[in-house]
Amino acid sequence: MTIYSTLCKKIKTGKKSFAVLVDPDKTNANSLEKLAKIAVKAGVDYFFFGGSLLTSNNQESLISCLKNSCEIPVLLFSGNSLKLT
């Protein structure tokens with residue numbers, strides 16, 4: 001099942017989702033590994049990844065780190081198309 005279809009199913013059944021927003025300008029690989037462990041224990045459904053500025057050029061490596069640390073889906077939460085990876 002895709003993330004989109006999962007979200008649609010939850011909306012139809014009135015179930016809530018729990019997402020955590022990760023700002024790449026305010027994090028690093030070590031803190032993401034710790035966050036992933038906490039998120040798994042807390043039952044997080046999704047990570048939203050993005051920020052308004054993106055002053056650093058490390059978003060690809062941070063997304064990879066997050067995806068390698070847990071199985072929680074990562075959704076890009078970008079301010080515009082220049083921030084897609």
Side-chain angles (χ1 to χ4, degrees):
M1 188 177 291
T2 66
I3 294 171
Y4 178 74
S5 60
T6 301
L7 286 170
C8 289
K9 184 178 178 182
K10 286 186 175 188
I11 290 169
K12 286 180 183 177
T13 60
K15 293 187 178 180
K16 307 295 182 198
S17 295
F18 179 23
V20 172
L21 176 61
V22 176
D23 186 337
D25 288 328
K26 298 178 181 174
T27 193
N28 58 49
N30 289 335
S31 63
L32 282 180
E33 289 174 2
K34 292 175 187 175
L35 176 64
K37 290 178 185 177
I38 294 167
V40 168
K41 289 179 183 177
V44 170
D45 295 304
Y46 309 101
F47 283 112
F48 290 165
F49 188 92
S52 54
L53 294 178
L54 291 184
T55 57
S56 57
N57 192 21
N58 61 350
Q59 61 186 6
E60 283 188 52
S61 63
L62 292 176
I63 290 171
S64 292
C65 175
L66 195 53
K67 291 177 101 176
N68 290 331
S69 297
C70 66
E71 304 224 354
I72 298 171
V74 178
L75 292 90
L76 296 179
F77 194 76
S78 56
N80 63 47
S81 61
L82 297 174
K83 298 173 186 167
L84 296 179
T85 184

Ignoring hydrogens, what is the shortest heavy-atom contact between Phe49 and Pro24? Give both atom names and the distance.
CZ-CB, 3.5 Å

Would you be so kind as to tabulate the donor-acceptor pairs closer than 3.5 Å made by side chains of residues 6-20, with sequence neighbours excluded?
| residue | atom | partner | partner atom | Å |
| --- | --- | --- | --- | --- |
| Thr6 | OG1 | Thr2 | O | 2.9 |
| Thr13 | OG1 | Lys9 | O | 3.0 |
| Thr13 | OG1 | Lys10 | O | 3.3 |

Using residues 64-77 as the side-chain source, report each donor-acceptor pair under 3.5 Å to any protein atom, sequence neighbours left out, with the distance given to one decimal.
| residue | atom | partner | partner atom | Å |
| --- | --- | --- | --- | --- |
| Ser64 | OG | Glu60 | O | 3.1 |
| Asn68 | ND2 | Ser64 | O | 3.1 |
| Ser69 | OG | Cys65 | O | 2.7 |

One should read off an interatomic distance between Glu33 CD and Thr27 OG1, to the nearest 0.5 angstrom, of 10.0 Å

Within one Ile-Leu-Val-Met-Phe-Trp-Tyr cluster: Val44 and Val40, side-chain cutoff 4.5 Å:
yes

